[in-house]
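Computation of the quantities below employed the complete heavy-atom set of this structure, encompassing side-chain atoms and omitting hydrogens, waters and symmetry-equivalent molecules. Convention: sequence-line order gives letters A, B, ...; per-chain numbering from 1.
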Amino acid sequence: MTAVAPATATAASESWWGRAAVWMLPILVMVVVWHFITTGLDSIFFPTPAAIWEVLRDDYFSGSASRLFLGDVVFDDLVPSLWRFALGWGFAVVSGILWGLLFGLRPGWRAWVEPLLEFGRAIPPPLVLGIVFVTFGAGDLPKAALIAFGAVWPVLFNTIDGVMSVSEVRIASGRTFGWGRRERIVRIIVPDAGSSIFAGVRVSLGIGLILMVLTEFVGATNGLGYTIIRAQRGFDFAAMWAALVVLAVVGLMLNSLLVLIEARLLGWRATSARGLDV
Amino acid sequence: MSDPLLQVEDVTHRYGDAARDVVEDVSFSVAEGQVVTIVGPSGCGKSTMLRIVAGLLKPTSGSVEFEGDRIERTPDGLAMVFQDYSRSLFPWLRVRQNVEAPLWGKTSKQERNDRATQALADVGLAEHADEYAWELSGGMQQRVAIARALASHPQLLLMDEPFASVDAQTRAELEDLVLDLHRRIGVTVLLVTHDIDEAIYLADRVVVLSHAPGRVEETVDVGLARPRDQLETKASPRFVAMRSELLRRLVRPGPEESGG
């Protein structure tokens, strides 16, 4: 009787500072490299980090203490963007999981909707953007709907796959405990499909962010995407890059948040930080 | 003699629109406190038989009665250990939670905790309660599965080829664990195996199934003294004689196959 060595120690034993350094160093290196390239290049399309920082400071961090030192662009553009994103992506995740559970549990129903799902998935949301805006206007809801439409597929299909790959023996075990259908779904199928569902959720996050920006390129009066396109057309490339940096930071933060949630929910796997000894 | 704990009568099963039956007219009974093993060649329907007893499958015809009641779904007082422990345990739960799972919503938290502690001690895993099942070796994982079954304090423990996926030495250890649990807790056991040695070694009575479709070829009272010992019991003349007798009946066509 021997136990396999527990694999949870390595990641946790590293200090907070060590992990922060691992995180920050590549970004710092990128900024330095960016600095030297842009200084040498001296192009208006590629401003130096210092020029980008100036815009960030003036537009994004110029507010008073009562506004948390956040500038107008944050409230006028970033917040509306994030609101639409939250609306659309949240709907995509919730409905993707629910429909995924349904179709995963009822392969018969799935067969009927499969062609429709494949059809829907094949439609690139940017291409229907114009029609949607002409028909429903370019307000928050149509934008959120487009985000949801693009982001729902990975959640939906990963949930279906996750549910369908739950082991039959595990469900039989639940039956022998006297668990009813609802208990088997909540206690076995959802946690068992969890890692697959989460993989889909992470993919959908990226898609959602892209669509958040994209839907603001057309018929918008605010938003991060609107800021980017307006700066680009006004040849204010420092402002454009500043908005891109903000977008990247937002993406990074949202993804980190997801990783944290995943570590809490799916910590039992504990394989992500270890890597494989191939 | 009083009514048996489990009474299987004329059970026949056929999957969907398959061409022939998996098991045919199977009848046997298990008295309280007994260890009964079902042995038979691969594909003779012995696992199907056990799933029917567990209430996981409805037989095409015939009846299974547990404590005099016809089984429709898994009754309280019946627990099952599956062959494939890694697919039967919940990898997202720690060992203790796995063992407590069958009791969720049925007992108080304190009671769950006590029972899990006891069951884990019974199978020798008290020190591994806070690990994840997948961190343990195969034999230990199957112990977790046995502890999980014991936590519900079953009157009848069903085991479906429980030791077919572990190495020979672990297998012997787990066999002795079952005998030990039977002696200490007095749990009634119905165990399915393809291994004749295992079937005789564990049982008070062996139900021998024929090649597919599975029929009861014969029922053998083992009558070997308890406690049993891997070396002594298996070397005793009675064991050896019984073994060759059963082998003759079962393994005519070819070498013994593994798996189920």
Side-chain angles (χ1 to χ4, degrees), chain A residues 1-12 107-108 159 162-199 201 261-274 276-277, chain B residues 47 50-51 53-57 73-95 97-98 100-106 124-125 127-128 130-141 143 145 148-149 151-152 154 158 160 166 169-170 173-174:
Chain A
M1 281 209 321
T2 48
V4 180
T8 42
T10 42
T159 305
V163 170
M164 291 186 75
S165 62
V166 174
S167 104
E168 188 274 332
V169 175
R170 208 162 278 151
I171 294 168
S173 300
R175 291 179 109 96
T176 64
F177 303 160
W179 291 357
R181 194 179 171 79
R182 238 188 70 171
E183 285 161 320
R184 295 200 296 273
I185 291 174
V186 174
R187 292 173 177 172
I188 301 176
I189 288 170
V190 170
D192 206 342
S195 44
S196 178
I197 294 174
F198 229 94
V201 169
I261 296 171
E262 186 173 8
R264 246 196 109 68
L265 291 180
L266 303 173
W268 58 273
R269 288 186 308 160
T271 46
S272 49
R274 233 188 331 161
L276 286 175
D277 191 10
Chain B
S47 288
L50 205 64
R51 280 181 168 246
V53 171
L56 292 171
L57 266 180
R73 52 200 290 266
T74 312
D76 288 338
L78 206 152
M80 179 141 169
V81 173
F82 294 85
Q83 174 187 341
D84 197 344
Y85 43 81
S86 64
R87 282 167 180 275
S88 140
L89 294 172
F90 302 147
W92 56 90
L93 298 178
R94 290 175 196 278
V95 167
Q97 297 168 305
N98 261 291
E100 286 181 2
L103 306 173
W104 286 346
K106 291 176 190 153
L125 284 181
E127 286 151 36
H128 299 279
D130 295 325
E131 287 167 47
Y132 285 110
W134 54 262
E135 293 175 320
L136 305 176
S137 67
M140 288 164 91
Q141 290 188 42
R143 281 168 191 262
R148 183 173 75 173
S152 58
L158 304 177
D160 183 11
V166 297
Q169 199 195 324
T170 309
E173 278 174 23
L174 291 172

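Crowding of A:Arg184 atom CZ: a count of heavy atoms from other residues, nucleotides or ligands under 6.0 Å exceeding 12. No more than 12 heavy atoms of other residues, nucleotides or ligands lie within 6.0 Å of CZ in B:Arg87, so this atom counts as exposed by the packing criterion.
Looking at B:Arg51 and B:Phe82, their side chains come closer than 4.5 Å, going by heavy atoms from C-beta outward. Residues B:Met80 and B:Leu50 have side chains in contact (heavy-atom distance under 4.5 Å, counting atoms from C-beta outward).
In this structure, chain A has no heavy atom under 4.5 Å from any part of B:Ala145. Only the side chain of A:Glu168 comes within less than 4.5 Å of a heavy atom in chain B; its backbone stays farther off. For B:Arg73, the part lying under 4.5 angstrom from a heavy atom of chain A is the side chain only. Neither the backbone nor the side chain of A:Ile171 comes within less than 4.5 Å of any heavy atom of chain B.
Looking at B:Arg148, its side chain never comes within 3.5 Å of a backbone N or O of B:Val95 through a donor-acceptor pair. Judged by distance alone, with hydrogens and angles left aside, the side-chain atoms of B:Ser88 form no donor-acceptor pair with the main-chain N or O of B:Asp84 at under 3.5 Å.
Most heavy-atom pairs under 4.5 Å with chain A, from the set B:Ser152, B:Ala79, B:Pro91: that is B:Pro91. Between chain A and the options B:Leu89, B:Leu93, B:Leu78, the largest number of non-hydrogen pairs under 4.5 Å is found for B:Leu89. Counting heavy-atom pairs closer than 4.5 Å to chain B, the top residue among A:Gly174, A:Gly178, A:Gly194, A:Ser173 is A:Ser173. Per-residue counts of heavy-atom pairs under 4.5 Å with chain A were compared for B:Gly105, B:Pro102, B:Gly55, B:Ala149; the largest is that of B:Pro102.
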